[in-house]
Amino acid sequence: MDLKSKLAELKQQAMKKIEEVNDLTALNELRVSYLGKKGPLTEVLRGMKDLSAEERPKVGALANEVRDSITALIEAQKERLELEKINQALADEALDVTLPGNPVSIGERHVLTQIIEEIEDLFISMGYQIIEGPEVEQDQYNFEMMNLPKNHPARDMQDTFYITDELLLRTHTSPVQARTMEQHDFSKGPLKMLSPGRVYRRDSDDATHSHQFHQVEGLVIDKHITMADLKGTLEVFAKKLFGEDREIRLRPSYFPFTEPSVEVDVSCFKCNGQGCNVCKGTGWIEILGSGVVHPNVLEMAGIDSTVYGGFAFGLGPDRVAMLKYGVDDIRHFYQNDVRFLNQFKVKG
Ligand code: 2U9
């Protein structure tokens, strides 16, 4: 067979096979087999050396045409197969964006935060400011200014984490009030503040003790403040936190920073004062300490105790949460086991 016929047959055969190919690997194999160095086209070109000078350019032109046609068809097929591949992948990986998603579990504020914020909201509604302060405190603010001079026996009541002789982890939030009293400009009005926060005691942790817990303390200072203001305020507080039917009773007590001092009981929210396991049969639950601010405390903060007076109170949100929800171990609040925390979800 002459080279021209060979080329014509080669073209026809190659075009047919390339036309029929249906995947990219096979197409590449065809490209190598027809156009590669060991392919029939190369062989034809090699045979051209035996042709006459007249025939050689004609066969050469035909060989080029055959190679160009094959190459063009391969390119066209390649484009088609690649497009098909992309379309197939898009179809296989199609996402139905209208399907409902997997529900994401949303957290909730910690139960102590919930209680503290509930208390804050109530006192904000009565015109109090929420003021926070440092947890690492000076002896001066934590003890001295709270009428607890060095060697005062009441300092033994609170075992303290000392950092240096003068620096400590605050044992109550009262130093925040001492700092605020010192700064307050009484020509602009009374001081009404609430200081929530973490406090620290050198205690061994057990079901009812934690070396770190929380306090919320309140302080009001103005002219003509009496015990009646204190009682009325705490009654509103008890009703808000434990229910409208609650009553309070005051029992005399002692705190170095208040005089007189009282402990405040709330009628039991579980048995309505009849006696049960929550109130240990007494009908009353001790919930707060409070009193009239000691004149020494006012004077040390630069306030004239003959003109101004005030009341203060303190409570432990940890204890409130334990009573309210029947939690029997204070350590649950600090272990952050989600199975425990999830019980206090307000929604969902
Ligand atoms: C200033 C003056 C007086 C705050 C007070 C208590 C009584 C009290 C305890 C209750 C349980 C702390 O959380 S607890 O452990 N608190 O009994 N706290 S009077 O008196 C102040 C505070 C600041 C300037």
Side-chain angles (χ1 to χ4, degrees), residues 112 115-116 119 123 128-133 135 137-138 140-148 154 157-160 169-184 186 190-203 208-222 225 227 229-231 233-234 237-238 241 248 250-266 285-303 305 308-323 330 333:
L112 291 177
I115 291 204
I116 290 168
I119 299 169
F123 282 96
Y128 287 58
Q129 280 177 278
I130 311 297
I131 303 180
E132 295 185 355
E135 290 174 24
E137 255 302 354
Q138 296 168 29
Q140 168 77 5
Y141 286 103
N142 193 79
F143 289 132
E144 295 286 328
M145 288 183 73
M146 295 308 292
N147 206 27
L148 284 153
M157 284 161 54
Q158 298 157 350
D159 280 342
T160 309
L169 293 183
R170 69 183 181 189
T171 59
H172 44 193
T173 58
S174 314
V176 183
Q177 338 236 40
R179 287 170 177 277
T180 310
M181 282 193 300
E182 223 177 29
Q183 302 290 324
H184 191 75
F186 283 91
L191 172 62
K192 295 168 85 178
M193 66 177 286
L194 199 74
S195 45
R198 290 174 194 273
V199 299
Y200 301 83
R201 305 272 169 97
R202 268 187 70 182
D203 247 335
T208 52
H209 297 85
S210 170
H211 64 281
Q212 177 258 275
F213 57 102
H214 290 78
Q215 268 191 356
V216 175
E217 285 193 331
L219 175 69
V220 172
I221 296 179
D222 198 1
I225 294 288
M227 202 72 176
D229 299 305
L230 167 66
K231 200 177 170 195
T233 304
L234 296 184
F237 167 76
L241 215 63
I248 60 168
L250 309 186
R251 284 179 290 107
S253 184
Y254 168 78
F255 303 110
F257 26 85
T258 48
E259 182 59 36
S261 302
V262 287
E263 269 168 54
V264 184
D265 297 341
V266 181
I285 303 171
E286 187 191 323
I287 210 75
L288 286 144
S290 67
V292 172
V293 179
H294 198 292
N296 288 356
V297 173
L298 295 173
E299 294 294 338
M300 275 187 282
I303 298 166
S305 64
Y308 290 95
F311 67 77
F313 57 89
L315 86 154
D318 302 70
R319 186 172 142 72
V320 170
M322 288 173 85
L323 287 166
I330 192 170
F333 296 127

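Read the numbers this way: they start at 1 and go in the same order the structure lists the ligands and their atoms. Note that these values count all heavy atoms, side chains included, but never hydrogens, waters or copies made by symmetry. This is a predicted model, so every value here is computed, not measured.
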Tell me whether R319 reaches ligand 1 (any heavy atom closer than 4.0 angstrom to a ligand atom).
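Distance cut 4.0 Å: R319 fails for ligand 1.
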Does ligand 1 have an atom under 4.0 Å from some heavy atom of H172?
no
Residue, atom name and distance, where the atom is the protein heavy atom closest to [atom]:
atom	answer
atom 1 (C) of ligand 1	M146 CE, 3.4 Å
atom 10 (C) of ligand 1	G314 O, 3.3 Å
atom 8 (C) of ligand 1	G289 CA, 3.7 Å
atom 4 (C) of ligand 1	E217 OE2, 3.4 Å
atom 5 (C) of ligand 1	F257 CE1, 3.6 Å
atom 15 (O) of ligand 1	Q215 NE2, 3.7 Å
atom 24 (C) of ligand 1	M181 CE, 3.5 Å

Region of [X] that comes within reach of ligand 1 [heavy atoms, distance under 4.0 Å]:
X	result
V199	neither
A301	neither
H294	neither

Side-chain heavy atoms of [X] within contact of [Y], under 4.5 Å:
X	Y	answer
E132	P196	yes
E217	S174	yes
Q129	L194	no

Can you say whether the rings of F123 and Y128 are parallel (under 30°), tilted (30 to 60°) or perpendicular (over 60°)?
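Aromatic pair F123/Y128 classed perpendicular.
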Compute both the distance and the angle, then confirm whether R179 meets the cation-pi test with Y141: under 6.0 Å from the six-membered ring centre, within 45 degrees of the axis.
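Relative to the ring axis of Y141, which defines the angle, R179 lies inside both limits.
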Keeping to residues at least two apart or across chains, list the side-chain hydrogen bond (donor to acceptor under 3.5 Å, both in side chains) pairs with something in residues 293-303.
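Qualifying pairs, neighbours excluded: N147-N296, E299-S305.
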Given A312, S261, P256, G218, which one has a non-hydrogen atom that is nearest to atom 3 (C) of ligand 1?
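Checking each option, the heavy atom nearest atom 3 (C) of ligand 1 is found in A312.
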When you measure from atom 17 (O) of ligand 1 to each heavy atom in F311, F313, F255, Y254, which option holds the nearest one?
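Looking at heavy atoms only, the winner is F255.
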Is there a donor in the side chain of Y254 and an acceptor in the side chain of E259, or the other way round, less than 3.5 Å apart?
no
When you look at E286 and R251, which way does the salt bridge (Lys or Arg N to Asp or Glu O under 4.0 Å) test go after all the steps?
CA-CA 10 Å; E286 187 191 323; R251 284 179 290 107; 3.7 Å; yes
Report yes if the distance between the aromatic ring centroids of F257 and F143 is under 6.0 Å, otherwise no.
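Between F143 and F257, which both carry aromatic rings, the centre distance is not below 6.0 Å.
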